[in-house]
Amino acid sequence: MDNLHTESDAFRAVFLEYYPGVRRKLIAMVKDEATAEDLAQEVFLRLYRNPPDDPRVIGAWLHRVLTRIAYDNTDRLVRQRKLQEKQEQYFDREKTWESGEEAVVRSEDREQINELLGELPERDRQALMLRYSGYSYAEIAEEIRVSPPRVGSLLNRAAEKLRKRASGKRNGLEL
């Protein structure tokens with residue numbers, strides 16, 4: 001029991017010495033005091049569960065862990081924001097009120113676009129649908145398995161094919 005008490009006292013001493021600095025660095029990184037305090041607790045929880053082998057490197061160890069935790073938190077927030085933006089874009093499009101006539105025209109337009117898209121090669125169709133759905137060039141590249149620099153030209157060519165097909169159908173020509 002004495003060993004456990006000693007470990008607890010040692011951890012408490014390290015916590016009291018390093019917590020203010022860890023908290024201050026996290027506040028500077030995440031720009032939010034409450035979040036920084038939560039992340040600081042996570043840093044010290046990791047220290048408690050898996051301390052470095054050499055107690056002389058605790059300061060460097062804490063700095064490395066707090067930096068990783070802050071970056072992970074930032075990455076998580078960016079992913080959440082992107083997802084929220086995509087959801088808002090989708091729901092904003094769905095919320096627009098339109099007259100019955102506008103709804104019919106829109107439905108007919110959608111049917112015609114779907115028909116035209118169906119005539120495109122699979123990769124072109126998929127790229128256009130992903131872009132229309134709000135995906136970034138990098139996300140489209142990953143999804144259709146092409147290099148990111150090729151996405152722009154692929155989208156331009158696919159859109160041009162779609163325009164030509166639409167123009168041909170309007171002029172009574174079947175392409």
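The pair Arg157-Asp124 does not meet the salt-bridge criterion, since no charged nitrogen lies less than 4.0 angstrom from a carboxylate oxygen. Note on Asp75 versus Arg79: no salt bridge recorded, every NZ/NE/NH1/NH2 to OD/OE distance being 4.0 Å or above. Using a cutoff of 4.0 Å between basic side-chain nitrogens and carboxylate oxygens, Lys82 and Glu85 are not scored as salt-bridged. A salt bridge is defined here as a Lys NZ or Arg NE, NH1 or NH2 lying under 4.0 Å from an Asp or Glu carboxylate O, and Lys161 with Glu119 fails to meet this definition.
For the pair Pro52/Leu47, a side-chain contact is recorded, criterion being any heavy-atom separation below 4.5 Å from C-beta on. Contact check for Leu39 versus Val43: no side-chain heavy atoms found under the 4.5 Å cut-off. You'll find the side chain of Glu42 stays beyond 4.5 Å of the side chain of Val65, heavy atoms only. In this structure the side chain of Arg46 reaches within 4.5 angstrom of the side chain of Trp61, judged on heavy atoms. Between Val146 and Ile140 the shortest side-chain heavy-atom distance does not fall below 4.5 Å. Taking the side chain as every heavy atom from C-beta outward, Met129 and Tyr135 never approach each other to under 4.5 Å.
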Met29/Thr67 under side chain to side chain contact (heavy atoms under 4.5 Å, CB included): CA gap, chis, key distance, verdict: CA-CA 8 Å; Met29 292 178 82; Thr67 301; 4.1 Å; yes
Stepwise side chain to side chain contact (heavy atoms under 4.5 Å, CB included) check, Arg123 with Gln126: CA-CA 5 Å; Arg123 187 171 72 170; Gln126 189 177 13; 5.6 Å; no
Trace of the side chain to side chain contact (heavy atoms under 4.5 Å, CB included) decision for Leu154 with Ile144: CA-CA 11 Å; Leu154 189 140; Ile144 63 174; 4.1 Å; yes
Working for side chain to side chain contact (heavy atoms under 4.5 Å, CB included), residues Glu142 and Glu139: CA-CA 5 Å; Glu142 184 178 324; Glu139 291 168 322; 5.7 Å; no
Verdict with supporting geometry, Asp72 and Arg68, salt bridge (charged side-chain N to carboxylate O under 4.0 Å, His left out): CA-CA 6 Å; Asp72 289 347; Arg68 181 76 267 147; 3.1 Å; yes
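Atom CD of residue Gln87 and atom CD of residue Gln80 lie 10.5 Å apart, to the nearest 0.5 angstrom. Note: Ile69 CD1 to Leu62 CG = 9.5 Å, rounded to the nearest 0.5 Å. Atom OH in Tyr48 sits 10.5 Å away from atom CZ in Arg12 (nearest 0.5 Å). Atom NZ of Lys25 is separated from atom NE2 of His63 by 5.5 Å, given to the nearest 0.5 angstrom.
In this structure a side-chain-to-backbone donor-acceptor pair under 3.5 Å is present from Arg125 to Leu120. A distance-only check finds a donor-acceptor pair linking the side chain of Ser153 to the backbone of Arg150 [under 3.5 Å].
The hydrophobic clustering, which links ILVMFWY residues whose side-chain heavy atoms are closer than 4.5 Å, places Phe11 and Tyr18 together. Note on Leu16 and Val22: same hydrophobic cluster, where clusters join Ile, Leu, Val, Met, Phe, Trp and Tyr whose side-chain heavy atoms are under 4.5 Å apart, directly or indirectly. Residues Val57 and Val14 do not share a hydrophobic cluster, defined by chaining ILVMFWY side chains whose heavy atoms lie under 4.5 Å apart. Linking Ile, Leu, Val, Met, Phe, Trp and Tyr whenever their side-chain heavy atoms come within less than 4.5 Å puts Leu130 and Leu162 in one cluster.
When all heavy atoms of Ala70 and Val30 are compared, the closest pair comes out as CB-CG1, 4.2 Å. Between Leu26 and Ala40, the shortest heavy-atom contact is CD1-N, 3.4 Å. Heavy-atom minimum distance, Ser147 versus Ala141: C-CB, 4.1 Å.
Legend: residues meeting ring-ring contact (aromatic ring centres under 6.0 Å, His included) with Phe15, ordered by chain and number and at least two apart, are Tyr19, Phe44.
No more than 12 heavy-atom neighbours from other residues, nucleotides or ligands sit within 6.0 angstrom of CZ on Arg49.
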